[in-house]
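Convention: sequence-line order gives letters A, B, ...; per-chain numbering from 1.
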Number of protein chains: 2
Amino acid sequence: MLTSNLHMVRDVRGDTSAAAELSDFNGIFCRQPLEHAQPGQIVFFEGDPAKHVFSLVEGNLRICRLLSDGRRVITGFLRSGDAVGVSFKNRYLYSAEAIDEVTFRRVTKRSFEEELATSPQLRPLVFSRVCDEVAAAQDQMVLLSCKSAEERLASFLLRQLQSDEAHGGLRGVIALPMTRLDIADYLGLTIETVSRTVTKLSSKGIISVCGRHGIKVLSRAGLAHQAAEYEDDDVGNNGRTMMAQRRH
Amino acid sequence: MLTSNLHMVRDVRGDTSAAAELSDFNGIFCRQPLEHAQPGQIVFFEGDPAKHVFSLVEGNLRICRLLSDGRRVITGFLRSGDAVGVSFKNRYLYSAEAIDEVTFRRVTKRSFEEELATSPQLRPLVFSRVCDEVAAAQDQMVLLSCKSAEERLASFLLRQLQSDEAHGGLRGVIALPMTRLDIADYLGLTIETVSRTVTKLSSKGIISVCGRHGIKVLSRAGLAHQAAEYEDDDVGNNGRTMMAQRRH
DNA sequence: CGAAGATTTGACGGGCCTCAAATCTGGTGG
DNA sequence: CCACCAGATTTGAGGCCCGTCAAATCTTCG
């Protein structure tokens with residue numbers, strides 16, 4: 001049975017304590033040579049033997065899965081500081097493609113696993129990242145399962161905004177290195193619907209389009225409202241209330 | 001930040017070697033007393049402090065997440081042998097509800113984590129299960145992202161069939177302890193669409209409905225064809241071919 | 001400038017959702 | 001044993017959101 005492969009293990013979470021974590025995690029990679037990939041280049045293919053674990057130093061990757069008839073799903077976007085290929089499985093379950101110019105390092109899966117087995121500091125770190133990975137996947141399942149196009153885009157933009165800010169981007173401005181088709185395949189929509197929905201949010205005064213790969217957030221509250229999620233702040237709330245509502 | 005929680009760590013994978021794994025994994029739980037839950041009872045709530053890890057002994061659970069307006073998403077179904085609540089996070093990210101009569105055991109998260117830290121046999125086991133969890137989540141993202149109602153239901157039935165067979169069920173018969181509403185919330189459809197699609201598959205001669213909670217598979221190949229996935233056998237293929245098709 | 005690709009905009013149709021009602025199933029009490 | 005009821009499921013009619021197809025516009029780069 002072809003089973004799991006972890007594609008994304010986020011390295012930075014936007015607080016000052018992340019620096020220590022980052023160096024710990026990257027300790028495995030830092031002796032490896034830098035490698036490069038051009039936009040559109042595929043770092044590894046779905047189905048290939050999973051020989052390496054990668055650490056993204058610069059640039060952005062998209063994680064793709066394909067159906068037999070050519071339909072494409074993007075299960076995640078990766079940015080500098082993320083790792084990809086962490087798994088005990090022997091084949092990659094997805095492809096990793098460079099969105100823009102990318103630099104990365106790699107270690108063999110074997111040495112990564114040895115490091116993991118022998119390093120008590122590393123273990124909880126990796127395990128914790130994997131938990132974040134599962135949480136992200138579940139958020140995405142919620143998004144795909146029952147959100148409208150407008151809610152999906154708003155949720156996506158909100159996440160990107162938080163991610164950008166965690167990485168030291170300008171407050172209120174979202175960088176979108178990926179194309180509209182990438183966004184569409186990530187949100188389970190078509191390119192046309194993404195475009196129309198961007199226009200709609202823009203005409204509502206919630207965002208403002210800045211060129212092809214930039215969006216300015218004019219009303220964060222408006223975005224959060226459209227996203228239809230529990231989080232109502234820039235910071236997630238731990239005191240989220242429970243309601244046991246049911247339809248009908 | 002409220003982040004990941006692993007809900008499903010499948011314990012049995014249908015081969016004879018699974019028995020050893022199972023006893024290893026359940027070694028943590030086997031000294032704990034048995035607990036019970038009635039149909040509809042909630043084992044723990046989304047947002048509650050995550051104090052325990054659970055091991056399902058008998059019966060079925062549904063894993064639910066709710067949106068603020070009451071929309072419900074089921075991110076997974078659990079059966080005997082599965083564990084739930086494995087995570088380093090301090091709050092549950094989802095609710096776990098009994099579908100039928102359920103018996104389970106629990107250990108504190110603290111003791112589970114201590115066991116995990118000190119047991120070199122257990123670690124790769126848990127880590128491997130987590131990988132399966134992520135793989136399942138990604139499969140579900142593919143399903144929700146771009147499959148039609150018919151493909152979703154076919155994929156779901158195929159998975160249930162494989163799971164049933166792995167657990168020693170009758171060949172070709174699928175047990176569906178959950179309601180149609182559960183299936184709908186799991187597949188991102190409405191209850192009416194699920195019902196209509198079941199009827200459609202039935203009238204095509206691919207399945208045959210056996211009462212409320214049973215479905216007989218008349219044509220496994222037909223199901224697999226409708227599911228629109230790579231796997232074309234009852235066993236997944238490791239030699240899956242890669243194609244780099246793109247739309248347009 | 002010109003061409004290729006990315007994005008936007010428009011018209012139209014279909015698949016799934018919504019609302020409504022009929023039917024089926026299982027459990028309870030007479 | 002059977003009537004009855006509540007909940008689950010099925011079936012039907014109609015509408016809407018988003019996908020499909022097509023064309024215009026914008027951007028980038030040789």
Side-chain angles (χ1 to χ4, degrees), chain A residues 38-40 62 67 69-74 97 99-101 143-154 156 176-203 207-215 226 228 246-248, chain B residues 38-40 62 67 69-74 97 99-101 143-154 156 176-203 207-215 226 228 246-248:
Chain A
Q38 295 304 309
R62 59 176 167 253
L67 266 64
D69 60 1
R71 278 174 288 182
R72 185 182 77 153
V73 178
I74 292 183
E97 304 181 10
I99 291 175
D100 43 21
E101 200 144 327
L143 181 149
L144 295 171
S145 208
C146 65
K147 288 191 180 179
S148 68
E150 203 164 341
E151 292 169 340
R152 292 182 197 199
L153 190 68
F156 170 67
L176 296 175
M178 69 291 290
T179 68
R180 295 283 190 271
L181 180 59
D182 289 337
I183 296 174
D185 286 347
Y186 181 59
L187 297 180
L189 301 170
T190 60
I191 186 174
E192 295 92 336
T193 299
V194 169
S195 179
R196 270 185 266 265
T197 309
V198 167
T199 303
K200 193 189 287 184
L201 287 180
S202 178
S203 66
I207 61 173
S208 153
V209 179
C210 305
R212 195 162 276 182
H213 295 296
I215 282 187
Q226 290 294 341
R246 286 291 277 281
R247 296 190 308 220
H248 296 281
Chain B
Q38 294 305 310
R62 58 175 167 254
L67 267 63
D69 60 1
R71 279 174 287 182
R72 185 182 75 151
V73 178
I74 293 183
E97 306 181 9
I99 291 175
D100 43 21
E101 200 143 329
L143 181 149
L144 295 170
S145 207
C146 67
K147 288 191 181 179
S148 69
E150 204 166 340
E151 291 168 341
R152 293 183 195 197
L153 190 68
F156 170 67
L176 296 175
M178 68 291 290
T179 68
R180 295 283 190 271
L181 180 59
D182 289 337
I183 297 174
D185 286 347
Y186 180 60
L187 297 180
L189 302 170
T190 60
I191 186 173
E192 295 94 336
T193 299
V194 169
S195 179
R196 270 185 264 266
T197 309
V198 167
T199 303
K200 194 189 287 185
L201 286 180
S202 178
S203 66
I207 62 173
S208 153
V209 180
C210 305
R212 194 161 279 181
H213 295 296
I215 282 187
Q226 290 294 341
R246 284 292 276 282
R247 295 190 308 219
H248 293 287

Quick check for you: to the nearest 0.5 Å, what is the distance between [X] atom [atom1] and [Y] atom [atom2]?
X        : Y        : atom1 : atom2 : answer
B:Leu201 : B:Ser208 : CG    : OG    : 12.0 Å
B:Cys146 : A:Asp185 : SG    : CG    : 8.5 Å
A:Ser195 : A:Leu181 : OG    : CG    : 12.5 Å
A:Ile215 : A:Phe156 : CD1   : CZ    : 8.5 Å
A:Tyr186 : A:Leu144 : OH    : CG    : 8.5 Å

Return the minimal non-hydrogen interatomic distance between B:Ile191 and B:Ala184, and the atom names on each side.
N-CB, 3.6 Å
Tabulated below should be each protein N or O lying under 3.5 Å from an N or O of nucleotides 25-29 of chain D; please produce it.
unit_1, atom_1, unit_2, atom_2, d
D:dT27, O4', A:Arg212, NH2, 3.1

Provide, to the nearest angstrom, the distance between the [atom1] atom belonging to [X] and the [atom2] atom belonging to [N].
X        : N      : atom1 : atom2 : value
A:Leu144 : D:dC18 : CG    : C1'   : 15 Å
A:Ile191 : C:dG10 : CD1   : C1'   : 16 Å
A:Asp185 : D:dG19 : CG    : P     : 11 Å
B:Ile183 : D:dT9  : CD1   : C1'   : 11 Å
B:Ile99  : D:dA8  : CD1   : P     : 13 Å
A:Ile215 : C:dT7  : CD1   : P     : 11 Å
B:His213 : D:dG7  : NE2   : C1'   : 11 Å
A:Leu176 : C:dA6  : CG    : P     : 16 Å

Who passes side-chain hydrogen bond (donor to acceptor under 3.5 Å, both in side chains) against B:Thr193, sequence neighbours left out?
B:Thr190
Test of understanding: with side-chain hydrogen bond (donor to acceptor under 3.5 Å, both in side chains), list the residues that count as partners of B:Thr197, not counting sequence neighbours.
none
B:Lys147 and A:Leu67, any side-chain heavy atoms less than 4.5 Å apart
yes
Is the closest side-chain heavy-atom distance between B:Asp182 and B:Arg72 below 4.5 Å?
yes
State whether A:Ser195 places a side-chain N or O below 4.0 Å from either non-bridging phosphate oxygen (OP1 or OP2) of C:dT9.
no
Would you tabulate the nitrogen or oxygen pairs shorter than 3.5 Å linking the protein to nucleotides 14-19 of chain C?
unit_1, atom_1, unit_2, atom_2, d
C:dC16, OP1, B:Ala149, N, 2.9
C:dC17, OP2, B:Thr190, N, 3.3
C:dC17, OP2, B:Thr190, OG1, 3.1
C:dC17, OP2, B:Thr193, OG1, 2.4
C:dT18, O4, B:Arg196, NH2, 3.2
C:dC19, N4, B:Glu192, OE2, 3.1

Could you work out how much the helix from C:dC1-D:dG30 to C:dG30-D:dC1 bends, comparing the axis of its first five pairs with that of its last five, to 10°?
30°
Sequence neighbours left out, what passes salt bridge (Lys or Arg N to Asp or Glu O under 4.0 Å) with A:Glu150? Give chain and number order.
A:Lys200, A:Lys204
